[in-house]
Amino acid sequence: MKLITGGAYQGKTSYAAKMYGLLPGEITDCEHLNSDDFQSLKCVCNYHMFIKKQMTKSVDTLKITAEIIEKNPRIIIIMDEIGCGIIPIDRNERQWREEVGRAGCFLASHAESVERVICGCGVKLK
């Protein structure tokens, strides 16, 4: 599994396509997918939004994340880094940031490689 992260609108998806030779149809927006839908996908983007959607169902997002990478260990996951900046007043938004941070740490610890993209340039972290 590979993890690509970075701020919003920093070129993560274009970077993934270029670096890994992905065609537009091979990068799937996963916000509205179920965890079982990940099994045959090459690359997913907006994993942070997938987590937000799962939180509305009151499920264990770390458990789902573990199941996804167990079932598809070759997947490339693209997610926004949302823990920087002003802390939201809204409790649910703070919880979402926490869940995304935990998922990011989990993914990074299990990833073959981790890259952070800033202004379209990737920096290899792992």
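A continuous path of hydrophobic side-chain contacts links Val59 to Met79 [ILVMFWY only; heavy atoms under 4.5 Å]. A single hydrophobic cluster is not seen to contain both Leu3 and Ile78; linkage of ILVMFWY side chains at heavy-atom distances under 4.5 Å, directly or through other members, places them apart.
Between Thr61 and Thr65, the shortest heavy-atom contact is O-OG1, 2.8 Å. Across all non-hydrogen atoms, the minimal contact from Pro88 to Arg97 is CD-NH1, 3.3 Å. Taking every heavy atom of both residues into account, Leu41 and Asn72 meet most closely at O-ND2, 2.8 Å.
With sequence neighbours left out, the ring pair (Phe, Tyr, Trp, His ring centres under 6.0 Å) criterion links Phe106 to His110. For Phe38, the ring pair (Phe, Tyr, Trp, His ring centres under 6.0 Å) criterion is met by Phe50, not counting sequence neighbours.
No donor-acceptor pair under 3.5 Å is formed between the side chain of Lys42 and the backbone N or O of Gly25. A side-chain donor-acceptor contact under 3.5 Å links Trp96 to the backbone of His48. Side chain of Asp80 to backbone of Ile82: no donor-acceptor contact under 3.5 angstrom is found. Judged by distance alone, with hydrogens and angles left aside, the side-chain atoms of Asp90 form a donor-acceptor pair with the main-chain N or O of Asn92 at under 3.5 Å. Formation of a donor-acceptor pair under 3.5 Å by the Asp60 side chain with backbone atoms of Lys63 is found in this model.
Counting non-hydrogen atoms of neighbouring residues, nucleotides and ligands closer than 6.0 angstrom, the NZ atom of Lys71 exceeds 12 such neighbours. Residue Arg74 places its CZ atom among 12 or fewer non-hydrogen atoms of other residues, nucleotides or ligands, all under 6.0 Å distant.
With no hydrogens or angles considered, no side-chain donor-acceptor pair links Glu67 and Ser35 at under 3.5 Å.
From Ile51, atom CD1 reaches atom OG1 of Thr56 across 12.5 Å, with rounding to the nearest 0.5 Å. With rounding to the nearest 0.5 angstrom, the CD1 atom of Ile75 is 10.0 Å from the CD1 atom of Ile69.
You'll find the side chain of Met1 reaches within 4.5 Å of the side chain of Leu107, heavy atoms only. You'll find the side chain of Glu26 stays beyond 4.5 Å of the side chain of Cys43, heavy atoms only.
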**Q.** side chain to side chain contact (heavy atoms under 4.5 Å, CB included) assessment of Glu99 paired with Met55
**A.** CA-CA 9 Å; Glu99 287 293 315; Met55 287 177 66; 3.5 Å; yes
Q: Please test Thr5 against Ile77 for side chain to side chain contact (heavy atoms under 4.5 Å, CB included), starting from the C-alpha separation and ending with a verdict.
A: CA-CA 8 Å; Thr5 190; Ile77 297 176; over 6 Å; no
Q: May I have the step-by-step check of side chain to side chain contact (heavy atoms under 4.5 Å, CB included) for Val44 and Ile27, ending in yes or no?
A: CA-CA 5 Å; Val44 295; Ile27 301 173; over 6 Å; no
Q: Could you please spell out the steps behind the side chain to side chain contact (heavy atoms under 4.5 Å, CB included) verdict for Lys2 and Ser113?
A: CA-CA 5 Å; Lys2 294 175 177 46; Ser113 68; 3.4 Å; yes
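The residues Arg102 and Glu98 are annotated as salt-bridged, a charged nitrogen and a carboxylate oxygen being separated by less than 4.0 angstrom. A salt bridge links Lys52 with Glu93: at least one charged nitrogen is closer than 4.0 Å to a carboxylate oxygen.
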Taking distance alone, no hydrogens or angles, what donor-acceptor pairs closer than 3.5 Å link side-chain atoms of residues 114-126 to residues at least two apart or in another chain?
residue: Glu115; atom: OE1; partner: Tyr20; partner atom: OH; Å: 2.4
residue: Glu115; atom: OE2; partner: Tyr15; partner atom: OH; Å: 2.5
residue: Arg116; atom: NE; partner: Glu81; partner atom: OE1; Å: 2.8
residue: Arg116; atom: NH2; partner: Glu81; partner atom: OE2; Å: 2.9
residue: Lys126; atom: NZ; partner: Ala108; partner atom: O; Å: 2.8
residue: Lys126; atom: NZ; partner: Ser109; partner atom: O; Å: 3.3
residue: Lys126; atom: NZ; partner: Ala111; partner atom: O; Å: 2.9

